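These numbers were taken from a predicted model, which means no experiment stands behind them. Below, chains carry the letters A, B, ... as their sequence lines are ordered, and counting in each starts from 1.
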There are 2 protein chains.
Amino acid sequence: MPRTVDAAERRRQIAEAVWRVIRRDGVPGASVRAVAREAGTSMGSLRHWFATQDELLHFAMTLVVERARARGEAAASAGGPLVARLLRVLEETLPLDDERQAETEVWLALTARALVDPRLAELRDRSAAELHAFCGDVVRVLTEAGEARSGLDLDLEAERLYAVLDGLAVHAVSRPTALPADRARQVLAAHLDSLRDTG
Amino acid sequence: MPRTVDAAERRRQIAEAVWRVIRRDGVPGASVRAVAREAGTSMGSLRHWFATQDELLHFAMTLVVERARARGEAAASAGGPLVARLLRVLEETLPLDDERQAETEVWLALTARALVDPRLAELRDRSAAELHAFCGDVVRVLTEAGEARSGLDLDLEAERLYAVLDGLAVHAVSRPTALPADRARQVLAAHLDSLRDTG
DNA sequence: AAGAAAGTAGCACAATCGTGCTAGGAAGGG
DNA sequence: CCCTTCCTAGCACGATTGTGCTACTTTCTT
């Protein structure tokens, strides 16, 4: 057996180079050559790990989704009161620090591109469905725990919460001055609170 | 004086060709040649009206914003009860029919591109500030008309309404099956209703 | 009729793109 | 030692890009 590198790790490093390029120059700037340069490697080597550019972009977005999910699961299994814990999970999708801001920027760029790229669209649909379902879980859990107003339309509230979440993400990432991180967190918390007993 | 065409009309026609291309092939597909072909004209003629590609994209987005604003103003000056009228204005930013869906797709694509294009960013900021301000107006007007709950945090509610609005727009345009037009309208109406007396 | 102005057409050029391809280097098993 | 295999490197090709530029057509004024 010849020299072997950690394939998953190598692909992850390259995907992070993709993020840096996308943040700096947008998706159109993420050419094979630019990514190779950013990753400190050659075109040939890059093509050894990703056969095509589509595969590269697809993997970069997959990693964004997986990271957000991992953070969400970590927050979900942490301690604390129920409502606060749910809030923490939801907050993991907001651009509240540099890392999450980078991910949200990439997410937005690739969501736009997914409008015309079926492969990205499929990935976006899967992750969107997941987050949407989780919003439904939040509303349901709050209701069952007696933490929510009675008479809520569960499906509608899930949809509304999901809209608030992505709306805040878009605004916070595209106009961080108009909507600073703390403010976004505050609005999300207020929304959850509005589902509770005292209207 | 030689032959003269309506310059504004000509530029508008070309901008609409840009939209059609963007909807079909995304912003990356909106090359000068593709737009010229779609507009049924030549590269040279196109360049007579728009010196650079940036100018072309910028104008195409300007037109999206102006159209939405025009529809909003029309809805605002229409008749009917106050709350219903405000709802109609807000609905003008949702992809509720083909025309508005096209505009929302272009809006999303260009919002993403604005992350790395300062000229588009400036335009996006102006229109975002306008819509944000209008959300503030809605909350304020509802309050002054006695149609809103007392004790509302006006700034926060403006932010939340604005988030619901763009969140619904993003979801309706990127996953129309998961969030059909009527459902988006329903959620928005429910949100406005939640600001009213009976929590 | 003639000329000037406005619009149209599209070639030419350099740059950049994604990817097919071959060759060199590195490292562990025999 | 050598040889197999993984990885890296980067040239080459055809296609496409934005834009500079010139030539042609059309139409109104004088």
Output the rounded distance in Å from [atom1] ([X]) to [atom2] ([N]).
X	N	atom1	atom2	value
B:F50	D:dG20	CZ	P	16 Å
B:L46	C:dT8	CG	P	10 Å
B:D54	D:dT19	CG	P	7 Å
B:D25	D:dT17	CG	C1'	15 Å
A:Q53	C:dG20	CD	P	13 Å
B:R10	C:dG7	CZ	C1'	9 Å
A:E55	C:dG20	CD	P	12 Å
B:H48	D:dT26	NE2	P	16 Å

Comparing A:G40 and B:T52 on DNA chain D - which has the more 5′ nearest nucleotide: A:G40

Are [Y] and [X] linked, directly or through intermediate hydrophobic residues, by side-chain heavy-atom contacts shorter than 4.5 Å (ILVMFWY only)?
X	Y	result
B:V83	B:L188	yes
B:L110	A:L120	yes
B:I14	B:L63	yes
B:W107	B:L56	yes

Distances under 3.5 Å between nitrogen or oxygen atoms of protein and nucleotides 10-16 of chain C:
residue : atom : partner : partner atom : Å
C:dG10  : N7   : B:G44   : N            : 2.9

Each stem that DNA chain C is part of, given as range with range (3 or more consecutive Watson-Crick or G-U pairs, under 3.5 Å): C:1-24 with D:7-30, C:26-29 with D:2-5

Exercise: identify the closest heavy-atom pair between A:A30 and A:I22: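 So the minimum-distance heavy-atom pair works out to CB-CG1, 4.0 Å.
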
Short side-chain N/O contact from B:W49 to OP1 or OP2 of C:dA6, under 4.0 Å: no

Side-chain H-bond candidate by donor/acceptor type, A:E159 with A:H132, under 3.5 Å: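 The criterion, which ignores hydrogens and geometry beyond distance, is satisfied for A:H132 and A:E159.
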
Inter-residue atom distance B:D166.CG - B:H171.NE2, 0.5 Å rounding: 10.5 Å

Check against salt bridge (charged side-chain N to carboxylate O under 4.0 Å, His left out), B:R12 and B:E9: CA-CA 5 Å; B:R12 194 185 60 77; B:E9 169 65 13; 2.9 Å; yes

Residue that, paired with A:E16, satisfies salt bridge (Lys or Arg N to Asp or Glu O under 4.0 Å) out of A:R67, A:R10, A:R11, A:R23: A:R67

